[in-house]
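Along the sequence shown, residues are numbered consecutively beginning with 1.
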Amino acid sequence: MNHLNIKEIEAIIPHRHPFLLLDYIEDYQPGEYAIGYKCVSYREDFFVGHFPIEPVMPGVLTVEALAQTGAIAILSKEENKGKIAYFGGINKCKFKGKIVPGDKVKLETRIIKEKGPLGVGEAIASVDGKVVVSAELTFMIG
């Protein structure tokens with residue numbers, strides 16, 4: 001298994017706090033997949049306004065965390081090192097549950113198609129084995 005800590009993640013993708021939404025990568029295979037985790041704390045910046053009475057991680061940030069996980073898979077390929085992965089589209093996105101403080105979110109993105117600088121990742125976020133978000137993410141390497 002290929003593990004990455006936060007400093008190793010920062011060496012691959014350009015995101016930084018407060019927008020770096022990965023805590024560690026459990027395993028990855030360049031160009032194929034990445035499995036990472038986000039440990040959600042009540043102290044996350046977004047909980048100040050979403051929602052103070054019932055804190056819920058915004059769904060779009062979960063999709064972003066999945067995209068960052070996929071970026072680890074695609075940008076760790078030798079020919080993509082030092083480049084940036086941009087969103088090209090979000091398809092078949094389903095929100096099936098909430099993410100709340102204390103959750104450890106498993107983020108899995110598998111690259112299912114790649115042609116030149118374009119590609120597609122199949123992404124799933126889960127908490128305690130239950131899928132909370134699934135999506136197909138299109139990306140462009142720039």
Test side-chain contact (heavy atoms from CB on, under 4.5 Å) applied to A125 - qualifying residues, sequence neighbours left out: T62, L66, V105, L107, V132, V133
Sequence-distant partners of D45, side-chain contact (heavy atoms from CB on, under 4.5 Å), two or more places apart: H17, P18
side-chain contact (heavy atoms from CB on, under 4.5 Å) assessment of Q68 paired with F19: CA-CA 10 Å; Q68 290 178 19; F19 210 68; 4.0 Å; yes
Spatial distance of atom CG (N80) from atom CD1 (I74) [nearest 0.5 Å]: 5.5 Å
Separation between CG of L22 and OG1 of T69, rounded to the nearest 0.5 Å: 4.5 Å
M140 reachable from I13 in the ILVMFWY side-chain graph, under 4.5 Å edges: no
For V63 against L137, the heavy-atom pair lying closest together: CG1-CD2, 3.8 Å
Members besides V120 in its Ile/Leu/Val/Met/Phe/Trp/Tyr cluster (side-chain heavy atoms under 4.5 Å): I112
Pairs involving residues 19-34, ordered by first then second residue, that meet salt bridge (Lys or Arg N to Asp or Glu O under 4.0 Å) (sequence neighbours left out): none
Hydrophobic cluster of M1, others only, ordered by chain and residue number, side-chain cut-off 4.5 Å: none
A73: side-chain contact (heavy atoms from CB on, under 4.5 Å) partners, not counting sequence neighbours: A34, I111
Ring pair (Phe, Tyr, Trp, His ring centres under 6.0 Å) contacts touching residues 32-63 (sequence neighbours left out): Y24-Y37
Residue pairs involving residues 101-119 (criterion salt bridge (Lys or Arg N to Asp or Glu O under 4.0 Å); sequence neighbours excluded): K77-E114
Heavy-atom pair of closest approach, residues N2 and Q29: ND2-OE1, 4.2 Å
Going by atom type alone, with no hydrogens or angles, which donor-acceptor pairs under 3.5 Å involve a side-chain atom of residues 90-102 and a protein atom two or more places apart or on another chain?
{"residue": "K98", "atom": "NZ", "partner": "E54", "partner atom": "OE2", "Å": "2.4"}

Under 3.5 Å donor-acceptor, N5 side chain and E8 backbone: yes
Salt bridge (charged side-chain N to carboxylate O under 4.0 Å, His left out) involving E44 - partner list, sequence neighbours excluded: K38
Under 4.5 Å side-chain linkage, directly or through intermediates, the cluster mates of I124: V131
Shortest non-hydrogen contact from E64 toward L21: CG-CD1, 3.7 Å
